[in-house]
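The next block holds one structure in the form of structure tokens; read it before the comments.
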Amino acid sequence: MIVGAPRMSSTPLPGIGVRYDLTTRENRLLSVIAHRDGDRTLSAYRKEDPDECALSTRLTAGEAEALVGVLMPSHHSPNLLSTTELGLVAERIELSSTSYWNGRVLGETRMRTETGVSIVAVLRRAEAIPSPTPDFRLAGGDELIVIGTREGVDSAAAILGRV
């Protein structure tokens with residue numbers, strides 16, 4: 001049996017958004033309606049009758065983003081920025097407003113000493129702060145751009161997640 005390649009098509013839906021149809025290599029039909037308000041409707045159709053919907057559910061933008069994260073391989077994590085042949089990763093780590101470090105200075109974390117990770121920038125609202133110094137005061141909602149080994153970055157995330 002020859003199995004076909006997945007095929008995608010899109011159809012504008014005036015006043016609603018855009019419908020995307022995926023025909024899988026097993027000839028199954030899936031569709032996603034991207035609503036103008038950011039929501040998504042995910043539908044799957046019966047193999048025996050591709051006109052009959054077997055499942056349809058509306059997802060908020062956040063739910064759709066979470067689903068995409070689950071469907072992507074772990075090396076495509078939305079937090080993962082890059083990897084190199086040297087075994088280093090760059091990743092975004094968000095500082096929670098309930099974190100122990102909220103309001104404290106960066107140097108108190110002892111991040112480089114404890115994990116070997118470097119914090120190369122902090123994203124705060126629409127501002128990027130490159131190369132923050134040890135006296136930089138952290139705030140809930142900050143996204144720290146860190147570079148280090150996978151183990152170091154995981155340790156850094158655990159330290160920053162401390163409440």
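This one's a predicted model, so the numbers in the text were calculated from it and none came from an experiment.
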Is there a side-chain contact between Val18 and Thr11, using heavy atoms and a 4.5 Å cut-off?
no
Does a donor on one side chain and an acceptor on the other come within less than 3.5 Å for Arg112 and Ser118?
yes
Counterpart residues, side chain to side chain contact (heavy atoms under 4.5 Å, CB included), relative to Ser9 (two or more places apart):
Asp21
Beyond-backbone contact of Leu95 with Ile93, side-chain heavy atoms, under 4.5 angstrom
no
Return the set of residues passing side-chain hydrogen bond (donor to acceptor under 3.5 Å, both in side chains) with Arg110 (not counting sequence neighbours), or none when no residue passes.
Glu114
Taking side chain as C-beta onward, heavy atoms only, is Val32 less than 4.5 Å from Arg19?
no
Asp135: which residues meet the salt bridge (Lys or Arg N to Asp or Glu O under 4.0 Å) condition with it, sequence neighbours left out?
none
Donor-acceptor contact below 3.5 Å, side chain Ser99 vs main chain Leu160
yes
Is there side-chain contact between Val120 and Pro130, with heavy atoms separated by less than 4.5 Å?
no
What pairs with Ser131 under side-chain hydrogen bond (donor to acceptor under 3.5 Å, both in side chains), at least two apart in sequence or on another chain?
none
Taking all non-hydrogen atoms of both residues into account, name the closest pair between Pro134 and Val105 and its distance.
O-CB, 3.6 Å
With sequence neighbours left out, write down each residue that passes salt bridge (Lys or Arg N to Asp or Glu O under 4.0 Å) with Glu48, or none if nothing qualifies.
none
Please set out all donor-acceptor pairs under 3.5 angstrom arising from side-chain atoms of residues 136-149, sequence neighbours excluded.
from   : atom 1 : to     : atom 2 : distance (Å)
Arg137 : NH1    : Gly103 : O      : 2.5
Asp142 : OD1    : Arg124 : NE     : 2.7
Asp142 : OD1    : Arg124 : NH2    : 3.4
Asp142 : OD2    : Arg124 : NH2    : 2.7
Asp142 : OD2    : Ala139 : N      : 2.8
Glu143 : OE1    : Arg92  : NH1    : 3.3
Thr149 : OG1    : Gly152 : N      : 2.9

Partners passing side-chain hydrogen bond (donor to acceptor under 3.5 Å, both in side chains) against Arg162 (at least two apart in sequence or in another chain)
none
If I compare all heavy atoms of Leu106 with all of Thr109, which pair ends up nearest, and what's the gap?
O-OG1, 2.7 Å
4.5 Å side-chain heavy-atom contact, Asp39 and Thr41
no
Could you state the interatomic distance from CZ (Arg7) to CG (Asn27), rounded to the nearest 0.5 Å?
5.5 Å
What pairs of residues pass the salt bridge (charged side-chain N to carboxylate O under 4.0 Å, His left out) test when at least one of them lies in residues 93-102, not counting sequence neighbours?
none
Among Ile, Leu, Val, Met, Phe, Trp and Tyr joined by side-chain contacts under 4.5 Å, find the other residues sharing a cluster with Ile16 and list them by chain and number.
Leu13, Ile33
Sequence neighbours left out, what passes side chain to side chain contact (heavy atoms under 4.5 Å, CB included) with Glu52? Give chain and number order.
Arg46, Asp49
Apart from Tyr45 itself, which Ile, Leu, Val, Met, Phe, Trp or Tyr residues share its cluster (side-chain heavy atoms under 4.5 Å, direct or through members)?
Leu29
Main-chain N/O of Arg28 paired with Thr24 side-chain donor or acceptor, under 3.5 Å
yes
Do Thr115 and Ser155 have a side chain donor and acceptor closer than 3.5 Å?
no
Got a sec, which residues hit side-chain hydrogen bond (donor to acceptor under 3.5 Å, both in side chains) with Glu151, two or more places apart in sequence or on another chain?
none
